[in-house]
Amino acid sequence: MSNDHDTPQITKTFHQEKFPWQGIFGYILSLVLTAFSLWFGLAHAAQYGVILYVIMGLAIMQIFVQMFMFMHVTETDEGFPWQSLGLVSGLVFVAAIVIMSIWIMTFGAGVS
Amino acid sequence: MPPSHLSHWGLLITGDPLIYGADASIALASIAIVYVLTKYKKWKWLWDEWLTTVDHKKIGIMYLIAAILMLFRAGTDAELMRTQLALPNLHFLGPEHYDQIFTTHGTVMLLFMAMPFIFALMNIAVPLQIGARDVAFPYLNAISFWLFFFAAMLINISFVIGGSPDAGWTSYAPLAGSTFDPGPGENFYLMSLEITGIGSIGTGINFLATILKMRAPGMSLMKMPLFSWSIVATSILILYAFPALTVVLALLLIDRVAGAHFFTITAGGNPMMYINMFWIWGHPEVYILILPAFGVFSEIVSTFSRKTIFGYKSMVFSLLLISLISYFVWAHHFFTMGADASVNSFFAIASMLVGIPTGVKIFNWLFTMFRGRIRMKMPMLWTIAFIPCFTMGGMTGVMLAAAPADYQYHNSYFLIAHFHQVLIGGTLFGMLAAMYYWWPKVFGFLLDERWAKWAFWMFNIGFYVCFEPQYVLGLMGMQRRMYTYPSGLGWTDLNFISTIGAFIMGLGFIFLVWDIIYSIRHGERDLTGDPWDGRTLEWSLPSPAPHYNFAVIPHVTQLDQWWELKQQGRQDELRPKASDIRPIHMPKNSGKPFLFGLAFFVVGVGFVFEWYAVAVIGFLGVGALLLARSFEAHPDYHIPVDEVVHTETALGRL
Amino acid sequence: MATVIEHAHGHPAHEGEHYVPLEYKEKDDSLKVFGFWLFLTQDMVLFACLFATFVVLRTHTGNGPDSESLFDVKGFIEETFILLTSSFTGGISTFYMRKKRAIGTVVWLLITAALGAAFVSLEITEFLHYISIGATMQTSAFLSAFFTLVGTHGAHVSVGIIWMLSIVIQILRRGITPALSRKVFIVNLYWHFLDVVWVFIFTVVYMMGVIH
């Protein structure tokens with residue numbers, strides 16, 4: 001395994017902090033994103049359609065905050081961090097399930 | 001629902017000689033098993049060697065036995081159906097009974113025959129092929145098996161206790177909802193699939209982690225045998241598809257037992273959402289069933305043509321492409337729902353695209369055979385039988401994928417013929433080829449070729465006689481799931497021929513089982529560990545392999561390592577040297593996975609009969625077992641060097 | 001697992017030069033971390049199916065109330081901030097675990113579990129309120145989907161709380177061992193994942209439910 005020549009070698013992915021700056025930064029970021037979503041939605045700052053895209057966009061940003069600030073998604077002891085590929089492809093399938101289900105179940109009307 | 005001729009005595013089903021027959025055979029089989037185990041004092045052996053094992057090879061054997069038993073069970077269903085349909089207006093089976101039988105036939109064949117057969121091969125071959133000592137999570141592997149096992153028990157007792165499910169293997173709402181289908185029968189379907197589905201997800205996680213993280217040093221992904229690659233693709237699909245099954249079954253169960261309105265036709269429920277989500281799982285599922293067969297054929301074609309596989313990289317790429325595209329075709333199962341042209345066009349085109357990477361594979365197998373020194377052993381025979389059969393099934397599949405034409409074929413016998421042609425001609429032929437191929441590795445003896453050929457020819461001739469007429473019947477208007485038909489439609493002859501074919505296939509199955517029984521005593525012993533002059537690492541080990549597989553983990557430098565070393569006369573490099581042997585770290589056996597399955601069985605029974613106290617007890621059992629495992633301090637041990645040296649010496653390898 | 005000793009070529013994979021956290025020191029533990037990531041990907045698909053069902057059925061209110069008349073904005077804001085905070089405190093427990101400081105790890109895990117319990121109790125109160133005004137799972141397709149999606153998340157959180165407590169007990173007994181540091185890491189992965197799922201429940205169920 002550890003002599004895996006075809007896959008990129010990613011070592012030294014771990015770094016140690018003296019103080020949990022990364023976590024605090026992530027926490028603040030998640031609070032800000034949530035607060036912005038709340039304000040933007042509840043104040044009806046834009047048209048319904050625009051609000052939907054903006055608050056969904058903010059939610060998607062929160063995925064990355066959690067993954068990078070708390071879940072250490074790129075860490076690996078040897079070889080390629082396969083879990084990051086798994087998560088990305090998982091997100092593709094998640095989007096496929098949700099978007100295409102809406103598309104199919106509205107008989108195409110949701111898109112056209 | 002038509003009036004029933006089946007009745008109940010308490011929970012037991014009464015009023016049908018077939019069911020009394022089943023009662024009697026279940027009782028007799030149980031008594032026989034208990035008698036034999038007690039008489040030969042084998043209870044402790046059963047518990048120590050099998051029920052508590054975490055060894056992938058033994059788990060593979062248990063999956064294999066279960067798959068063959070379930071093939072018999074669901075095959076019997078098929079023979080009953082074909083008997084009922086042999087002639088018009090027969091009353092061999094009543095309508096309700098017929099409904100139950102086609103439901104259990106499909107459900108058991110797919111989830112309790114094909115899936116465990118595939119899991120058997122994964123367990124038997126993958127760790128040996130990649131040079132690992134076990135799977136990544138042996139304990140989880142055992143849990144997966146026992147979840148499957150108890151789920152299979154659950155659906156099989158439904159026939160005599162409580163009543164079988166009868167809404168088809170797809171169990172569409174609202175037919176399968178509590179309004180139209182009261183009683184526990186449908187709950188058996190939901191709970192048993194739910195439980196085995198959880199086990200399957202465990203297996204997917206396990207093999208993906210095993211293959212990505214535990215290959216022998218030097219075996220980069222592009223030097224990995226194609227069967228292992230096919231299991232990567234399969235495991236990815238399991239991971240992304242099975243949760244949809246878990247959810248859709250849970251929602252239907254909530255509808256049935258808690259009166260919710262997901263898929264009802266009142267209070268805003270939408271039955272089409274059931275169908276949509278069922279096929280989000282269901283379509284990737286058929287690729288979960290076929291991709292391992294593709295992997296098997298790649299191994300066999302290469303081995304028995306004595307050539308490196310043609311187009312290795314395109315084989316890998318097409319596997320991954322098939323698994324990706326297969327996730328975007330699910331709506332072709334319900335073109336007739338009437339979604340607009342954009343939806344149907346998208347899914348029709350995506351479905352046809354699957355034909356391209358599949359065609360690449362077919363041609364690569366043919367090119368591998370081209371100018372090869374082909375040996376017509378049983379695995380190769382089944383492979384050669386697969387190619388025309390599956391190609392025909394694939395072509396009728398493309399016909400079905402044409403959305404406008406599908407309005408004609410939908411739910412007709414044309415469809416029935418199509419999916420039997422790909423599932424039998426693809427998956428089952430592949431599994432049987434693999435069974436003959438790896439049998440000596442697992443059991444240490446070969447299956448007798450003479451009887452195997454009888455099984456092969458009976459099964460193949462029977463297959464075409466049975467299913468080709470069904471394409472025509474479909475075009476003549478015969479719909480699936482009809483329990484009988486009137487005379488005078490011109491269907492009689494073709495149905496009769498089809499029934500004859502089904503019985504020839506049944507004969508083939510009998511020969512197959514007889515071959516196994518015969519070979520246990522008379523089969524050629526495999527003393528070399530390499531009966532087929534194989535190419536991959538598993539053939540460098542003795543048959544059967546010692547429980548730690550590799551005394552010393554091999555270093556890999558190329559594809560088909562074992563074959564290349566043999567060509568250069570360097571095969572001794574894969575023999576262990578005493579000085580290299582270190583203590584081997586192995587997981588301990590555990591009784592908890594078995595109990596875990598049992599606890600889920602209790603949960604299942606609780607929900608089936610809506611005895612919630614029982615379900616709660618089951619869940620408490622599950623929770624207790626999880627905690628007990630978490631608090632366990634040392635779930636593993638080391639095999640000392642002496643013992644490894646002793647074992648290897650006894651095997652003549654040191 | 002079977003491979004620990006040989007796969008690491010007879011010595012622990014990482015010695016000396018680079019910093020490697022305890023949960024990655026043994027092959028067995030790093031494999032389990034990876035396996036858990038795979039579990040999370042399938043759990044993600046499971047929630048995707050529940051979300052798809054909810055989105056398709058969210059306007060199918062039958063004779064029952066719609067989301068706008070049902071949801072209490074203050075309630076779901078509280079739930080959201082509690083869970084976001086617990087994700088942060090969970091992250092801090094991982095930080096202390098990597099410093100091999102048992103007490104810090106235990107304290108922050110307990111804070112996380114307590115916040116989780118507060119979240120669950122708020123959610124139960126919310127559910128009981130809906131039921132008391134006749135908005136139950138049996139009322140409409142929308143409510144069936146709502147209770148199932150939000151309830152599945154709540155059940156996950158509840159399991160997480162019990163899991164954390166069992167790990168706390170184990171740390172108090174054995175200290176920070178490689179196996180336990182792996183468990184702390186994994187339970188926190190699970191917890192952060194549930195936080196992400198909640199962010200989507202917050203957005204898709206609650207926010208889209210009250211905006212018109």
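Residue numbers begin at 1 in each chain, while the letters A, B, ... track the order of the sequences.
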Closest-packed option against chain A by number of heavy-atom pairs under 4.5 Å, given C:W191, C:F47, C:F51, C:F81: C:F81
Leading residue by heavy atom contact count with chain C [cutoff under 4.5 Å; candidates A:Q22, A:H72, A:M69]: A:H72
Heavy-atom neighbours of A:F25 CZ exceed 12 at 6.0 Å: no
Which portion of C:L38 sits near chain A, non-hydrogen atoms under 4.5 angstrom: neither
Most contacts with chain C, counted as non-hydrogen pairs under 4.5 angstrom, among A:H44, A:Q62, A:M71: A:M71
Sub-6.0 Å ring centroid separation between C:F95 and C:W108: no
Aromatic plane relationship, A:F80 with A:W82 - under 30° parallel, 30 to 60° tilted, over 60° perpendicular: perpendicular
Chain A contact via C:V197 - which portion, at a heavy-atom distance below 4.5 Å: neither
C:F200/C:V205 under side chain to side chain contact (heavy atoms under 4.5 Å, CB included): CA gap, chis, key distance, verdict: CA-CA 8 Å; C:F200 278 85; C:V205 177; over 6 Å; no
Salt-bridge present (C:R98, C:E23; N to O < 4.0 Å): yes
Structural part of C:D195 lying under 4.5 Å from a heavy atom of chain A: side chain
Most contacts with chain A, counted as non-hydrogen pairs under 4.5 angstrom, among C:W37, C:F193, C:F185, C:F34: C:W37
A:Q47, CD: over 12 other non-hydrogen atoms inside 6.0 angstrom: no
Portion of C:V204 that has a non-hydrogen atom of chain A nearer than 4.5 angstrom: side chain
Check: A:L91 and C:M44 side chains under 4.5 Å, non-hydrogen atoms: yes
Top contributor to chain A contacts, counting heavy-atom pairs under 4.5 Å, from C:F202, C:Y96, C:F54: C:F202
Region of C:T85 in contact with chain A, defined by heavy-atom distances below 4.5 Å: both
Residue part contacting chain A, namely of C:S87, when any heavy atom lies under 4.5 Å: both
Most contacts with chain A, counted as non-hydrogen pairs under 4.5 angstrom, among C:P21, C:G90, C:C49: C:P21
Top contributor to chain C contacts, counting heavy-atom pairs under 4.5 Å, from A:G90, A:P20, A:S101: A:P20
Between C:T112 and C:T89: side-chain donor-acceptor atoms closer than 3.5 Å: yes
C:V45, part contacting chain A, at a heavy-atom distance under 4.5 Å: both
Part of C:F76 within contact of chain A (heavy atom distance under 4.5 Å): side chain
Aromatic ring pairing C:Y130/C:F71, orientation class (parallel under 30°, perpendicular over 60°, tilted between): tilted
Plane angle bin for C:Y206 and C:F146 - parallel if under 30°, tilted between 30 and 60°, otherwise perpendicular: perpendicular
